[in-house]
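Worksheet for the structure shown next.
The sequence lines fix the lettering, A, B, ..., with proteins before strands; numbering per chain opens at 1. Quick caveat, the model's predicted, so the values are computed rather than measured.
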Amino acid sequence: MSASFRAPVGTHDVLAPQSALWEGLIATFADFAYRYGFTLALTPMFEEIGVFNRGIGEHSDVATKEMYVFQDRGERTYALRPEGTASVVRAFVQHQPTTPYKAWYVTPAFRYERPQAGRYRQHHQLGVEAIGSDDPALDVEVITLAWRFYQALGLTRIRLLLNSMGHVECRARYVAVLRAHLEEHRSQLCDEHATTWSQNPLRVLDCKRDACIGVINDGPLLPDFLCADCAAHFAAVRSALSDLGIDSTLEPRLVRGFDYYTRTTFEFVADALGNAQNAIGGGGRYDGLSEQLGGKPVGGVGFGSGIERLLLAREAEGLTGNLINRTIDIFVVDTTGDDVATVLVDDLRARGYAVERGFDGRSMKSQMKVADRSGAALALLVGPQEVAADEITIRELRSDDFDRAQLRVARDELWTVLRERLNK
RNA sequence: GUGGGCGUAGCUCAGUUGGUUAGAGCGCCAGGUUGUGGUCCUGGAGGCCGCGGGUUCGACCCCCGUCGCUCACCCCA
């Protein structure tokens with residue numbers, strides 16, 4: 001209990017058997033990304049601080065009080081990435097790949113905040129970005145990928161919330177009217193926003209307190225301020241989603257935490273998660289971000305999803321199945337201590353079987369216990385008798401049928417028997 | 001950053017109004033005739049009772065502090 005070192009506050013070690021769920025989740029996502037035409041992008045886990053606070057907004061909570069900022073020995077100021085998008089867009093600007101550039105990623109993300117259920121200082125996100133295009137079909141593709149991925153995970157109680165923030169001018173017009181509305185009703189706002197409403201009026205839309213909700217409910221709504229182009233873009237996204245059979249809820253109050261969002265914004269919430277941390281993914285367009293990071297003024301759209309929350313949502317929906325098989329096929333029990341078993345194990349693995357073996361010269365009984373615990377379907381016994389006769393004893397570990405439970409085969413017949421028994 | 005709950009073996013937890021060698025179940029290890037797991041039996045290892053201070057003849061138990069875990073607020077994935 002009193003280990004001298006522990007994982008830092010808000011971080012977690014993920015070990016077996018839990019880690020198999022992670023493997024399966026990531027492998028499933030990688031496969032989806034591949035089938036949707038996204039290629040893997042690996043970017044540094046830390047960046048010059050400007051990469052993040054320029055995009056997500058210098059006054060956002062994440063930038064002001066949640067970033068892990070540090071100086072290296074060259075006194076450059078860096079930050080551990082708090083989210084996935086900014087780095088990929090920075091890489092896009094730096095390398096200028098052909099457009100649309102479609103990339104997927106899986107990465108840790110760091111935010112300095114008090115941990116609680118579904119919220120950590122280091123969490124993990126997987127997501128995609130499609131940069132260099134304004135085509136609403138890309139918005140749709142990103143949302144569809146997320147939706148189908150959630151379905152593949154077995155999640156059923158997921159809702160898609162959708163909104164459009166418009167482009168810069170639409171938003172400016174809206175914010176002006178919203179600001180006036182808030183000023184008029186400022187005495188009715190909650191304690192916090194009664195003093196902070198003017199710094200970032202959009203934040204008030206997110207407030208969950210009744211006071212603010214009341215003020216917002218009879219205030220102006222974002223979608224009413226869209227210009228013709230933005231309205232058409234949004235309509236195109238909604239119409240395609242509808243044709244795809246993906247249900248969405250228009251949520252005019254949905255504004256996400258980062259300033260870079262424009263036009264389409266969306267969030268996926270898992271209703272099975274009872275707590276406040278029920279957002280399992282979100283994203284949207286960020287048409288100004290490339291330019292803010294020094295690149296061309298091209299559009300982009302993406303989404304990110306929290307791995308921990310996806311797994312919590314699965315658990316909350318009672319989904320216990322693994323997404324990938326990580327049980328081993330064969331356990332080799334060796335009581336000779338010479339190289340016969342070692343060579344056999346190597347041979348088995350070369351043929352594609354997942355193989356574990358006994359170590360430390362333990363007794364056969366002891367190794368059989370380990371074999372059973374390993375989950376292997378078969379144990380192969382290598383003892384003096386087998387070696388002398390050039391045979392292998394095969395023992396079924398998952399069968400109660402004693403006739404089938406054990407047999408000895410010649411070493412060169414082993415492969416045939418294994419193919420039958422293991423079906424692979 | 002603010003507030004609540006909780007820190008006793010690897011895990012889940014007991015521990016009598018503070019009384020001397022701190023317990024259970026599970027797990028782990030080793031045995032239970034001659035090479036065999038899943039059931040059963042026996043034995044064993046493993047705890048500065050989170051850490052520091054205080055009160056007391058005496059503290060796992062009471063008080064203070066501290067660290068950690070956890071939940072909630074805020075915000076987000």
Quiz item: How do A:His124 and A:Gln367 order along RNA chain B: which one's closest nucleotide is nearer the 5' end?
Solution: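 On the 5' side of the pair lies A:Gln367.
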Exercise. Would you kindly compare A:Pro8 and A:Ala279 by the position of their nearest RNA chain B nucleotide and give the one closer to the 5′ end?
Key: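 Result: A:Pro8.
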From the set [options], return the single nucleotide nearest to any side-chain atom of [X].
X        : options             : answer
A:Arg114 : B:A72, B:G35, B:C75 : B:A72
A:Arg373 : B:G3, B:C75, B:C29  : B:C29
A:His12  : B:U70, B:G31, B:U36 : B:U70
A:Arg408 : B:G35, B:A30, B:A77 : B:G35
A:Arg6   : B:G31, B:G38, B:G68 : B:G68
A:Ala117 : B:A77, B:A72, B:U36 : B:A72

Take atom [atom1] in [N] and the same atom in [M], then report the distance between them in whole Å.
N     : M     : atom1 : answer
B:C64 : B:U21 : P     : 28 Å
B:U56 : B:C29 : P     : 49 Å
B:G44 : B:C26 : P     : 16 Å
B:A77 : B:C67 : P     : 30 Å
B:A59 : B:G50 : P     : 15 Å
B:A14 : B:G53 : C1'   : 28 Å
B:C63 : B:U20 : C1'   : 23 Å
B:U8  : B:G46 : C1'   : 14 Å

Heavy atoms under 4.0 Å, any strand shown: does [X] hit a base, just sugar-phosphate, or nothing?
X        : result
A:Arg121 : nothing
A:Phe268 : nothing
A:Leu310 : nothing
A:Ala371 : nothing
A:Glu308 : nothing
A:Val9   : sugar-phosphate
A:Glu386 : base

Quiz item: For the side chain to side chain contact (heavy atoms under 4.5 Å, CB included) test, which of A:Thr393, A:Val333, A:Leu348, A:Asp334 pairs with A:Leu380?
Solution: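 The option that passes is A:Leu348.
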Between the base of [N] and the side chain of [X], is there any donor-acceptor pair under 3.5 Å?
X        : N     : answer
A:Glu396 : B:G37 : no
A:Gln277 : B:A72 : no
A:Gln406 : B:U36 : yes
A:Arg398 : B:G38 : no

Length of the line joining [X]:[atom1] and [N]:[atom2], which is rounded to integer Å:
X        : N     : atom1 : atom2 : result
A:Leu25  : B:A77 : CG    : P     : 17 Å
A:Leu254 : B:C75 : CG    : P     : 14 Å
A:Leu380 : B:U36 : CG    : P     : 17 Å
A:Lys369 : B:U39 : NZ    : C1'   : 12 Å
A:Met364 : B:G35 : CE    : P     : 9 Å
A:Lys365 : B:U39 : NZ    : C1'   : 12 Å
A:Leu273 : B:C71 : CG    : P     : 13 Å
A:Phe258 : B:C75 : CZ    : P     : 14 Å

For [X] and [N], is the shortest distance between a side-chain N/O and OP1 or OP2 below 4.0 Å?
X        : N     : value
A:Gln116 : B:A72 : yes
A:Ser363 : B:U36 : no
A:Arg119 : B:C74 : no

Does [N] have a Watson-Crick or wobble mate here (both distances under 3.5 Å), and if so which one?
N     : value
B:C60 : none
B:A72 : B:U2
B:U66 : B:G50
B:C40 : B:G32
B:C11 : B:G25

Quiz item: Hey, does the Lys NZ or Arg CZ of A:Arg35 hover above the aromatic six-ring of A:Phe32, less than 6.0 Å from the centre and inside 45° of the axis?
Solution: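 The answer is yes; both the distance and angle limits are met.
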Quiz item: Any cation-pi pair here, A:Arg238 with A:Phe234, using under 6.0 Å and within 45°?
Solution: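 The answer is yes; both the distance and angle limits are met.
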Roughly how far, to the nearest 0.5 Å, is the [atom2] atom of [Y] from the [atom1] atom of [X]?
X        : Y        : atom1 : atom2 : value
A:Glu129 : A:Leu138 : CD    : CG    : 11.5 Å
A:His123 : A:Arg119 : NE2   : CZ    : 11.0 Å
A:Leu160 : A:Phe266 : CG    : CZ    : 7.5 Å

Self-check item: is_close_aromatic(A:Phe38, A:Tyr36), centroid dist under 6.0 Å
Solution: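 Centroid separation for A:Phe38 and A:Tyr36: 6.0 Å or greater.
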Quiz item: Given the rule in the side chain to side chain donor-acceptor pair (under 3.5 Å) test, do A:Arg81 and A:Thr107 qualify, once you have shown the distances and angles that lead to the verdict?
Solution: CA-CA 9 Å; A:Arg81 75 160 50 113; A:Thr107 178; 2.4 Å; yes
Quiz item: Would you find a donor on one side and an acceptor on the other, under 3.5 Å apart, between the side chain of A:Arg314 and the backbone of A:Leu153?
Solution: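 Yes, the answer is positive, given that a donor and an acceptor are paired below the 3.5 Å cut-off.
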